[in-house]
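Residue numbers count from 1 along this sequence.
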Amino acid sequence: MFKKIWNSHFIRSTIIGIIVGAFFFGLFLIWSSNTSLVGFIDALTMASLIVFATGWFLYFSNEGALSSLFYGMKTFFKGIAGKRPAKSYFEEMNEREKIPKNIYRGFWFASLLYAIALVILYVVYVTN
């Protein structure tokens with residue numbers, strides 16, 4: 001049963017997102033050397049933003065938003081060198097593997113968990 005759950009892209013990417021967020025949370029907490037409630041709020045903010053941005057960049061890449069820019073740059077620099085690309089833009093986009101949607105959704109969910117913890121800590125901070 002554990003193997004079946006672990007093979008789910010959503011669960012795996014959520015766990016990876018939580019681990020990445022915990023790493024950046026600890027990194028920003030050490031960097032700011034502020035162990036008060038404000039330091040925890042700041043570190044949680046940065047961790048949730050980084051995990052959300054990771055999921056956003058995966059989504060952006062998956063939808064091919066910058067693919068034409070990268071293909072154009074590659075074609076331009078190959079043209080300067082006197083070469084031509086092996087595949088057309090259409091062929092390259094059709095042969096590209098897309099990542100499953102649950103991967104970036106898992107990162108977004110992990111960032112949501114960090115954001116919920118952030119809101120709870122912020123409410124505690126404001127009410128004191």
Side-chain angles (χ1 to χ4, degrees):
M1 181 174 151
F2 178 73
K3 191 171 187 176
K4 184 178 180 181
I5 292 172
W6 180 250
N7 285 338
S8 166
H9 290 294
F10 180 77
I11 299 294
R12 190 178 332 163
S13 61
T14 302
I15 291 171
I16 291 170
I18 290 171
I19 291 169
V20 167
F23 171 75
F24 281 108
F25 173 77
L27 187 70
F28 282 108
L29 200 59
I30 291 169
W31 178 65
S32 70
S33 66
N34 185 2
T35 56
S36 68
L37 191 56
V38 174
F40 278 90
I41 291 171
D42 291 342
L44 269 174
T45 301
M46 293 307 296
S48 63
L49 286 175
I50 288 174
V51 173
F52 180 78
T54 302
W56 186 254
F57 289 143
L58 287 171
Y59 171 75
F60 211 59
S61 169
N62 198 40
E63 296 303 318
L66 297 175
S67 298
S68 61
L69 175 70
F70 292 139
Y71 183 79
M73 287 175 51
K74 183 173 73 172
T75 304
F76 175 75
F77 287 116
K78 280 190 173 189
I80 289 176
K83 298 179 182 177
R84 297 193 50 83
K87 299 177 188 172
S88 70
Y89 176 73
F90 182 73
E91 291 171 339
E92 203 165 294
M93 290 304 105
N94 284 337
E95 292 175 3
R96 184 174 62 100
E97 280 188 45
K98 287 196 168 194
I99 60 171
K101 292 181 180 183
N102 284 332
I103 291 179
Y104 53 82
R105 288 179 183 163
F107 276 95
W108 289 342
F109 183 72
S111 72
L112 179 67
L113 295 177
Y114 279 108
I116 289 170
L118 168 67
V119 168
I120 290 170
L121 280 181
Y122 187 72
V123 167
V124 168
Y125 173 72
V126 169
T127 58
N128 283 336

*Would you say Ile15 and Ile18 are hydrophobically clustered, going by side-chain heavy atoms of ILVMFWY under 4.5 Å?*
yes
_Within the 4.5 Å heavy-atom criterion, are Phe28 and Ile50 side-chain neighbours or not?_
yes
*Do the side chain of Ser48 and the main chain of Thr45 share a donor and acceptor less than 3.5 angstrom apart?*
yes
_Rounded distance [0.5 Å steps], CG in Asp42 versus CG in Leu121_ = 11.0 Å
_Heavy-atom side-chain proximity of Phe107 to Ile16 below 4.5 angstrom_ = yes
*Just by distance, do the side chain of Ser13 and the backbone of Arg105 share a donor-acceptor pair under 3.5 Å?*
no
*Euclidean distance, Asn62 CG relative to Ile103 CD1, rounded to 0.5 Å*: 8.5 Å
*Rounded to the nearest 0.5 Å, how far does CG of Leu113 lie from CG of Leu44?*
11.5 Å
_Between Thr54 and Tyr104, is there a side-chain heavy-atom distance shorter than 4.5 Å?_
no
*Mind listing the closest non-hydrogen atom pair of Val51 and Ala110 along with its distance?*
CG1-CB, 4.0 Å
_Side chain proximity check, Phe52 to Trp108, heavy atoms < 4.5 angstrom_ = yes
*Can Val123 be reached from Ile41 by stepping across I, L, V, M, F, W or Y side chains whose heavy atoms are under 4.5 Å apart?*
no
*State yes or no: do Leu27 and Val20 share one hydrophobic cluster built from I, L, V, M, F, W and Y residues joined by side-chain heavy-atom distances below 4.5 Å, directly or via other members?*
yes
*Treat each ILVMFWY residue as a node, draw an edge where side-chain heavy atoms are under 4.5 Å apart, and state whether Phe60 and Met73 are in one component.*
yes
*To the nearest 0.5 angstrom, please state how far the CZ atom of Phe109 sits from the CD1 atom of Ile11.*
8.0 Å
*asked:* Around atom OH of Tyr59, are there more than 12 heavy atoms from other residues, nucleotides or ligands closer than 6.0 Å?
replied: no
*Would you say the ring centroid of Phe25 lies under 6.0 angstrom from that of Phe40?*
yes
*Establish whether Ile19 and Ile30 are linked, either directly or via other cluster members, by ILVMFWY side-chain heavy-atom contacts under 4.5 Å.*
no
_Ring geometry between Tyr122 and Tyr125 (parallel below 30°, tilted from 30 to 60°, perpendicular above 60°)_ = tilted
*About how many Å separate CG of Leu112 and CG of Leu118, when rounded to the nearest 0.5 Å?*
11.0 Å
